[in-house]
Amino acid sequence: MHILCTTHTYAYGAWLGKLMKRALPVLTVLAVIVGIWYLGAWRMNMPWALQQAERAEQTLSTGELFKATMNQTRPRVPAPHQVAAELWSVTGEMAIKGRAMSKRSFIYHGWVTLRTTLTGFALGVTLGILGAVAITYSRVSEMSLMPWAIVSQTIPIVALAPMIIVLSNAVGIEGRGVPKAIISAYLCYFPVLVGMVKGLNAPGPQQLDLLKTYNASAAQSFFKLRLPASMPYLFTSLKVAIAAALVGTIVGELPTGAINGLGARILIGDQFGTPLAIWAALIAATCLAGVLVVVIGGLQTVVLRAMGMAR
Amino acid sequence: MSWIVGALLFWAVAWAVNVALARSPWHGSRAVRVAVPLIFGLTLLVLWQGLVRGLEVNPVILPAPTDIAATFANSTDVLWVDFVQTVLKGALSGYAMGCGAAFLTALAIDRSAFLTAGLLPIGNFVAALPIVGIAPILVSWFGFDWHSKAAVVVVMVFFPVLVNVVQGLREADAMQKDLMRTYAASYWQTLVKLRLPAAMPFVFNGLKIATTLALIGAIVAEYFGSPIKGMGFRISTGVGRLAIDLVWAEIAVAALVGTAFYGIVAMIEKLVTFWHPSQRVG
Amino acid sequence: MDQSVISARDLDLTFQTKDGPVHALKGVSLDIEKGDFVSFIGPSGCGKTTFLRCIAALEQPTGGSLTVNGLTPEEARRSRAYGYVFQAAGLYPWRTIAGNIKLPLEIMGFSREEREARVNKVLQLVDLEGFGGKYPWQLSGGMQQRASIARALAFDADILLMDEPFGALDEIVRDHLNEQLLALWKRTQKTIGFVTHSIPEAVYLSTKIVVMSPRPGRISDVIESPLPPERPLEIRDSKEFIEVAHRVREGLRAGHSDDD
C-alpha cells in the first residue's frame with residue numbers, strides 16, 4: 001500500500017528518468033549484440049562471397065564485399081535485417097494478404113505452438129499446485145514425492161519425447177498436440193511445485209497460531225491464509241513456468257517429426273537447407289516467449305495490486 | 001489378472017509402510033528420509049511391471065521394467081559407446097567450456113555497472129528461451145561429430161550460468177564492502193576474499209541448472225545429424241526400428257547420468273557452501 | 001596542529017535527494033585527542049553515524065575540513081589508520097573466527113607467522129581463546145560482535161571507530177561487553193570513536209560525550225566526563241554518573257525540534 005501511494009507522488013519526469021536509467025543499459029547492450037551479429041554475418045559469409053567473385057573473375061572492393069555478405073540467399077549467418085525481412089514476409093505480409101492462417105504463415109505456426117504451450121502450461125500448473133498442496137499437508141507425500149520431483153528435473157526429457165509420442169499414439173490419443181503438451185507440462189510443473197511449497201509455507205508460526213486461536217478449520221486456514229500468502233510466490237514461478245512450457249513445446253516439436261509449430265519450422269528449415277527460415281523461427285519463438293512472460297508479469301501486477309500485495 | 005492384483009496389493013502395502021514410517025518417531029532420521037522415496041519409486045516400478053504383464057501390453061509399445069533391465073545388461077557395449085560419444089565428448093566438454101566462458105564473461109563485465117545493468121535482464125530473458133533451436137545451425141557449422149554437440153551445449157549453458165554469476169557477484173552487502181574499504185583493499189582482494197565466496201551459492205545454482213541443459217543439448221543436437229553412435233542417434237533410430245527396449249535402456253542411462261551429474265555438482269556445492277544457511281540444516 | 005588525532009572544522013555534508021537537499025552534517029567542529037574515548041549520541045538522523053563514516057572516508061564531506069592523524073581521511077584510510085566495527089558483526093560465514101580475524105591481515109600483507117601470533121593475541125584480548133576454529137554461525141550474537149572487535153584490533157591501528165556495535169544485543173550482554181571494552185581500551189591506549197543511542201552506555205564508557213541533534217545534523221553539546229578512569233559497573237549508581245547522564249538528556253531534549 002505504502003509503495004502505491006508514493007508512486008503517485010513521483011513527478012512524471014522523475015518516472016521517465018528512472019525508466020531511461022533502467023532502459024538505457026539494456027538498449028545499449030542490445031545494440032552491441034546486433035553489432036556483433038552484423039560483424040559475425042560479415043565474417044562468416046565472406047568466404048562464399050569471395051568464392052563467387054573469384055568464379056566470376058571479379059575483384060570486390062571492401063564496400064562491395066560487405067554488400068555481398070549481407071544479401072545471400074543461403075548465408076551461414078543471415079544479417080539481422082534479412083531475418084527481419086523474412087519474418088515480416090511470413091507474418092505481417094501474409095496477414096495483409098489475408099492468408100494469416102495458411103500453412104506458410106508463422107502466425108499459424110505460432111498459434112499451433114502457443115496452443116500447445118498453453119495446454120501444457122495449464123496441465124503443469126495444475127499438477128504443480130496439487131503436488132504442493134499434497135506436500136504441504138501430508139508428510140508421506142512430502143517424503144515420497146519431493147526427492148522424485150527433483151530427480152525428474154535432472155533427467156533430460158527430450159530423450160523421452162519420442163517415447164511419449166509412441167506411447168500416446170498407442171493409448172489412442174491422436175494428434176501431435178497432446179504428447180507435446182505432456183513434455184511442456186513436464187518441464188513447467190516443477191517451478192510451480194517448488195514455488196507453491198514455499199508460498200504455502202510462507203505464513204509464520206504466529207499467523208498459523210492466530211488462526212488456531214480462532215479454532216479455524218483446515219479449509220479456512222488454507223483459503224484465508226496459506227493461499228493468499230502464496231500468491232507472490234505463485235506468480236514468480238508462473239513466469240518461469242510459462243517460459244519453460246514454451247521450451248518444452250519447441251523441444252517436443254523438434255525431434256518428433258511434427259509439421260506444424262515453430263519448432264517444426266526449425267526442423268523443416270534444416271531439412272530444406274534454408275537458414276533464413278531457421279533464424280526467423282528462432283526469433284519468432286523469442287518474441288512469443290517475450291510476449292508470454294510480459295502477459296504473466298502484467299497479470300501478476302494486476303492481481304497482486306488488487307490483493308494489496310504489490311511491490 | 002493376478003499380476004494386476006499383485007501389483008495393486010504391493011502398492012497398498014508399500015504405501016502403508018511409508019505412512020507408518022512418516023508417522024514414526026524416526027521420520028527425521030536419514031535412513032527413513034532415504035527409504036521412503038526409494039520405496040515409493042520401487043512401487044512405481046512394480047506397478048508398471050504388473051500392469052504391462054497383467055494387461056499384456058505389446059512390448060513394442062511399452063516393455064516391462066524387467067525386459068528393459070535385460071536389454072540393458074545385454075547391450076552394455078553399445079550403451080557405453082553412446083555414453084562416451086554423447087556424455088563425455090559432447091555434454092561434458094561443452095559444459096566445461098560453456099561454464100568457464102560464462103564465468104570469465106561475468107568477471108569481465110563486472111567492473112562496469114552499466115554493462116551489468118544492461119546484461120542482467122537480457123541474460124535472464126535469453127536463459128528462458130528455447131535455445132536448443134539453434135542445434136541445426138550449429139550442426140551445419142561444426143559438422144556431425146561431437147564438436148557441434150559441444151557447441152550447442154556451450155550456448156545452452158552459457159546464459160543461465162552467466163546470469164547467476166553476475167547476480168551472485170552483487171550479493172555481498174554494502175556493509176561488507178565498506179569493511180573492505182576500511183582495509184583499503186584492492187578490487188582483486190575484494191573480489192577474491194569477499195565477492196567470489198559470497199557468490200558461490202548463486203554460481204552453484206547456475207551450475208546445477210546447466211547439468212540438465214548440457215545433456216538435453218547434447219542429445220537434441222544428435223537428432224539433427226550424428227555419426228552412427230550416440231544416445232540421441234540411438235533413440236531416434238530405435239523408435240523408427242521399433243527397438244523400443246533399447247530406447248528405454250538409453251533413457252535409463254540418460255536418467256542415471258542426469259541424476260548423477262546433478263548429484264556430483266550438488267555434492268561439490270555442499271563442500272564449498274557449507275556455511276550457507278540452506279546447507280547448514282541437519 | 002596540536003595533539004589532535006581527529007580534527008574537524010566546519011564540516012558540512014549535504015545529500016541531494018528527491019525531496020530536496022538533506023543536511024546530514026552542518027558546521028561540525030570537533031577535536032579528538034590521542035587516547036580519548038569519545039561517544040557520539042543523538043536521535044536517528046542527527047548525523048552521528050555519518051560523521052563517523054566521514055572520518056573513515058566512507059562518506060565525502062561537502063564542505064569544511066577534516067584531518068585524521070594530520071592526513072586527509074582518504075589518505076588515512078589508505079594508510080590503514082583505523083579499525084572499524086559495524087552494528088552487525090558482519091563476519092564472513094565461510095571463514096572461521098580465526099580466519100575472519102586474519103582477513104585484514106591477509107589484505108595488508110602480514111606474514112603467516114605474524115598472522116597466527118596476532119590472532120592469538122586479539123582472541124585473548126576479547127576473551128575468545130579456544131573459539132578460533134569455530135564458524136561465526138556457531139557462536140552467540142555477543143561472541144560474534146567480540147570477534148568483529150578482535151578483527152578491528154588485529155592490525156593494531158591507533159584509532160578504533162565503532163558504529164553502535166552493541167545496538168543489537170540485549171542489555172545484560174551489553175553491560176558485560178561495555179565492561180570488557182573499557183578494560184581493552186585501557187590496556188591498548190587506543191583512540192576510540194563510539195556511536196550509540198544509549199545514554200548510560202555513553203556516560204559509562206566515555207571521556208568525552210558529543211551530543212548531536214538532527215535537521216540539520218549538528219553538535220549541540222560536548223561534555224568532558226568527570227568520572228575517574230577506573231569504572232566498575234556500580235559507578236552507574238553514583239551521583240556524578242547521574243549528573244552527567246542528566247546533562248546528556250538535557251542536551252538531547254534541547255536539540256530536539258518540536259515536530260517529533
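All figures in this text were calculated on a predicted structure; none of them were measured in a lab. Worth knowing before you read on, the calculation uses all heavy atoms, side chains too, and leaves out hydrogens, waters and symmetry mates. So that the names make sense, note that chain A is the first sequence line, chain B the second, and so on, each numbered from 1.
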Residues of residues 26-35 of chain A contacting chain B, heavy-atom criterion under 4.5 Å, by residue number: A:Val26, A:Thr28, A:Val29, A:Leu30, A:Ile33
Which of B:Val139, B:Ile209, B:Ile134 touches chain A most, by non-hydrogen pairs under 4.5 Å: B:Ile134
As an exercise, state the distance from CD of A:Gln153 to OH of B:Tyr262, rounded to the nearest 0.5 Å. 9.5 Å
How many angstroms lie between atom CD1 of A:Ile283 and atom CG of B:Leu129, to the nearest 0.5 angstrom? 9.0 Å
Measure B:Val32 against the heavy atoms of chain A and call it side chain, backbone, both or neither at under 4.5 Å. both
Side chain, backbone, both or neither of B:Leu115 within contact of chain A (heavy atoms, under 4.5 Å): both
Between A:Leu267 and B:Tyr223, is there a side-chain heavy-atom distance shorter than 4.5 Å? no
Relative to chain B, which segment of A:Leu288 carries a heavy atom at a distance below 4.5 Å: side chain, backbone, both, or neither? neither
Measure distances from B:Phe114 to the heavy atoms of chain A and classify the residue's part below 4.5 Å as side chain, backbone, both or neither. both
CD/A:Gln271: more than 12 non-hydrogen atoms of other groups inside 6.0 Å: yes
Is it true that atom CH2 of A:Trp42 has more than 12 heavy atoms of other residues, nucleotides or ligands lying nearer than 6.0 Å? no
Against chain A, label B:Thr259 side chain, backbone, both or neither, depending on which of its atoms sit under 4.5 Å from a heavy atom there. both
Apply side chain to side chain contact (heavy atoms under 4.5 Å, CB included) to B:Phe125 and A:Thr286, showing your working. CA-CA 9 Å; B:Phe125 178 60; A:Thr286 303; 3.6 Å; yes
Ranking B:Ala128, B:Gly232, B:Pro130 by heavy-atom pairs under 4.5 Å to chain A gives rank one to B:Pro130
Name the region of B:Thr43, side chain, backbone, both or neither, that has any atom closer than 4.5 Å to a heavy atom of chain A. neither
Identify, with sequence neighbours excluded, every residue that meets side chain to side chain contact (heavy atoms under 4.5 Å, CB included) alongside A:Met44. A:Arg76, A:Val77, B:Trp141
If we only count heavy atoms from C-beta on, is the A:Leu282 to B:Ile137 side-chain gap below 4.5 Å? yes
Chain B contacts, top residue of A:Ile242, A:Leu246, A:Val247, A:Val240 (heavy-atom pairs, under 4.5 Å): A:Val247
Side chain to side chain contact (heavy atoms under 4.5 Å, CB included) between A:Trp148 and B:Leu44: does it pass, once the steps are laid out? CA-CA 11 Å; A:Trp148 288 108; B:Leu44 291 185; over 6 Å; no
Side chain to side chain contact (heavy atoms under 4.5 Å, CB included) against B:Ala91, all qualifying residues, sequence neighbours excluded: B:Ala214, B:Leu215, B:Ala218
Under the salt bridge (charged side-chain N to carboxylate O under 4.0 Å, His left out) test, residues paired with B:Arg33 that sit two or more places apart: A:Glu142
Relative to chain B, which of A:Gly263, A:Gly248, A:Ser144, A:Pro275 shows the most heavy atom pairs under 4.5 Å? A:Ser144
